[in-house]
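The structure appears below as C-alpha cells.
Fair warning: this is a prediction, and the values are worked out from it, not measured in the lab.
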Amino acid sequence: MKPYPRTAALALAVLLGAAGCAKSETQATAGPSAAASAQQQVVQTPAGSAGPTCTLDQFGGTKFDLKTATVGFSQSEKEANPFRIAETKSIKDEAAKLGIADLKVTNAQSQFSKQITDVQQLIAQGVKLLVIAPLNSDGWEPVLQQAAAKKIPIITVDRKINAKPCSDYLTFIGSDFYEQGKRAADQMITALGGKGKVAILLGAPGNNVTTERTNGFKDRIKEKAPDIQISFEQTGEFAREKGQQVTEQLIQSNPDINGIYAENDEMALGAVTALKGAGKDPGAIKIVSVDGTRSAVQAIADGWLHAVVESNPRFGPLAFETAQKFLDGQPIPDKVVISDREYDGSNAEASLGEAY
C-alpha cells in the first residue's frame, strides 16, 4: 500500500468528507519502499454524495501558528499495547518534524475519569489544539463544553466521540471499523470453508470500535455464511492477559470451537498462549484478528493466526496536516476514513518489516 504525497492525502481527506466517506478498497500505487509506505495512512478514495464539512469560520475559531501554539495529545491506554506505542510515537515524531515546540502529552492509563481530568488540565494549560484518542465514546460533555467555550478544535483519532462535529469537536480520523469486521468475517469464512463454530473475543465495552467490529463481523457471517454459528462471546477488554483467560474458559466450555475472531491482536495473541497451553497444534483453531502488530503478523507466519486486518495507528502526519488545513481556512470533513491492508499466509513473512 503506497502513500499519497502528504498534500494529496489531505486533499483526498477533504474530498472524502464531501463524498460521505464511502467505502472503497482503491489504494495508491508505487512508493519509495513497502516499509516506508506502511508508515503512513492513506485516505480511502472518495465516492458518492456530498457530506458535511467544517471551516474555521463555521467553527468560530481564531487562526494560530501551530509551531508556537501549545498543543495537547491525550492518550487513552497504557502503552503496553503496540498500537498505543506506535500511535503516541507518530504524534510526537510528526510534531517534532513540524517544529511544534510545545506538545503536551498525557496518558490516562486506561482510566476514563483520568482521561477527562487530563484533557481538562490541558485546557487549563492553554492548549490551542487537542488531539484525543478517546477511551470511551460517551461521557465527554464536561470537556466538550470547556473546549467549545474557548473555541479549541478537537481532532479525535482511532475512536469516535458521540458528539456534534464542527461544534463539539472538529473531526474524527480513523478506520472504518464496521468494514474491518466484515473483512475479518470474510477471512474466517475462507478459513472454515463456510461452516463451523466461532467465538468472538469482544473488545472493551463503551466505544464505537467494539460495537462496529462486532456488528460488521456478525452481519457478514449472516449474509455470506449462515452455516457458521457464533457460539461464544465474551469481552477480552482489548488486553492480552484477558484474551488468554477468556480463551482458556472457551476451550473448557466449547471444546468443539473451530474459529476465534479477536477484535484486536493483543487478545488474539493471548488466545494463542491459551491454545499452546492446551496442547493445540498451530492452525487447529482458526484465529482472525484486527490491528497489524508485528507479533501478530509473525504469528501468521508461524501458523497460529490465519489472518489480520490492519488498523493503522500512525495518525501524526494526517492529524497535523488536517489541523493546518483547517487553520488555513480549508473545509475539513466530519470524518476522515483511512484504508487498511490485510495480512495472511501469502504476505505475512515478507511484510514483517511493515508491521508495527
Side-chain angles (χ1 to χ4, degrees), residues 10 13 53-79 84 87-174 313-332 334 336:
L10 193 75
T53 60
C54 184
T55 65
L56 184 62
D57 286 343
Q58 288 174 308
F59 185 78
T62 303
K63 183 174 181 177
F64 56 86
D65 185 351
L66 270 177
K67 292 183 179 181
T68 59
T70 300
V71 176
F73 173 59
S74 170
Q75 178 57 273
S76 57
E77 297 179 13
K78 301 173 183 177
E79 291 181 18
R84 297 299 168 186
E87 183 177 61
T88 298
K89 184 178 187 300
S90 178
I91 296 291
K92 289 180 176 179
D93 287 353
E94 187 65 14
K97 179 180 177 182
L98 295 175
I100 296 173
D102 191 11
L103 175 70
K104 297 185 182 299
V105 178
T106 63
N107 191 302
Q109 302 294 313
S110 304
Q111 301 172 43
F112 186 58
S113 60
K114 184 178 185 311
Q115 187 168 35
I116 294 296
T117 301
D118 286 348
V119 179
Q120 289 175 324
Q121 289 176 347
L122 289 171
I123 293 172
Q125 291 168 6
V127 297
K128 296 292 187 181
L129 169 70
L130 282 166
V131 180
I132 300 175
L135 184 62
N136 294 340
S137 296
D138 293 317
W140 284 92
E141 288 79 8
V143 162
L144 299 179
Q145 290 170 6
Q146 291 177 29
K150 296 187 176 183
K151 296 298 179 183
I152 301 170
I154 295 175
I155 295 174
T156 71
V157 294
D158 94 70
R159 291 179 186 172
K160 296 178 182 177
I161 287 176
N162 291 327
K164 185 177 179 182
C166 203
S167 174
D168 298 323
Y169 70 101
L170 174 59
T171 188
F172 158 76
I173 303 175
R314 303 175 179 101
F315 291 100
L318 191 53
F320 285 119
E321 192 167 2
T322 299
Q324 188 60 61
K325 293 293 185 180
F326 171 71
L327 294 172
D328 289 341
Q330 298 189 27
I332 302 302
D334 65 335
V336 180

With the side chain counted from C-beta on, respond yes when [X] and [Y] share a heavy-atom pair under 4.5 Å apart, and no when they do not.
X	Y	result
Phe64	Leu129	yes
Gln125	Thr70	no
Gln146	Lys150	no
Ile154	Leu144	yes
Asp102	Lys128	no
Ile91	Val157	no
Gln115	Val143	no
Leu130	Ile123	yes

Can you name the residues that form a salt bridge (charged side-chain N to carboxylate O under 4.0 Å, His left out) with Arg159, not counting sequence neighbours?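 With neighbours one apart ignored, the set is Glu77.
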Do any N or O atoms from the side chain of Asn136 and from the backbone of Asp138 form a donor-acceptor pair under 3.5 angstrom?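 It does not hold such a pair.
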When the side chains of residues 54-63 are checked against the rest of the protein, which donor-acceptor pairs come out under 3.5 Å, sequence neighbours left out?
{"residue": "Thr55", "atom": "OG1", "partner": "Gln58", "partner atom": "N", "Å": "3.2"}
{"residue": "Thr55", "atom": "OG1", "partner": "Gln58", "partner atom": "OE1", "Å": "3.3"}
{"residue": "Gln58", "atom": "OE1", "partner": "Thr55", "partner atom": "N", "Å": "2.8"}

Could you report the tightest heavy-atom contact between [X] and [Y], atom names first, then the distance?
X	Y	value
Ser76	Ala133	CB-O, 3.0 Å
Gly139	Ile116	O-CD1, 3.7 Å
Ala95	Leu103	CB-CD2, 3.7 Å
Asp168	Ala163	OD2-CB, 3.5 Å
Ile173	Ala319	CD1-CA, 3.7 Å
Leu98	Lys67	O-CE, 3.1 Å

Give, for atom [atom1] of [X] and atom [atom2] of [Y], the distance between the pair rounded to the nearest 0.5 Å.
X	Y	atom1	atom2	answer
Lys97	Glu94	NZ	CD	5.0 Å
Ile161	Ile132	CD1	CD1	5.0 Å
Asn107	Glu79	CG	CD	5.0 Å
Asp334	Lys164	CG	NZ	12.0 Å
Phe326	Thr53	CZ	OG1	11.0 Å
Ile100	Lys92	CD1	NZ	14.0 Å

Answer with yes or no whether the side chains of Gln121 and Thr106 bring together a donor and an acceptor at under 3.5 Å.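 On atom types as modelled, these side chains do not qualify, holding no pair under 3.5 Å.
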Whether Lys89 and Asp93 form a salt bridge (side-chain N of Lys/Arg under 4.0 Å from carboxylate O of Asp/Glu) is what I want to check.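 Salt bridge flag = yes for Lys89 with Asp93.
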Please, which pairs that meet ring pair (Phe, Tyr, Trp, His ring centres under 6.0 Å) have at least one residue in residues 97-156, sequence neighbours excluded?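 Qualifying pairs: Phe112-Trp140.
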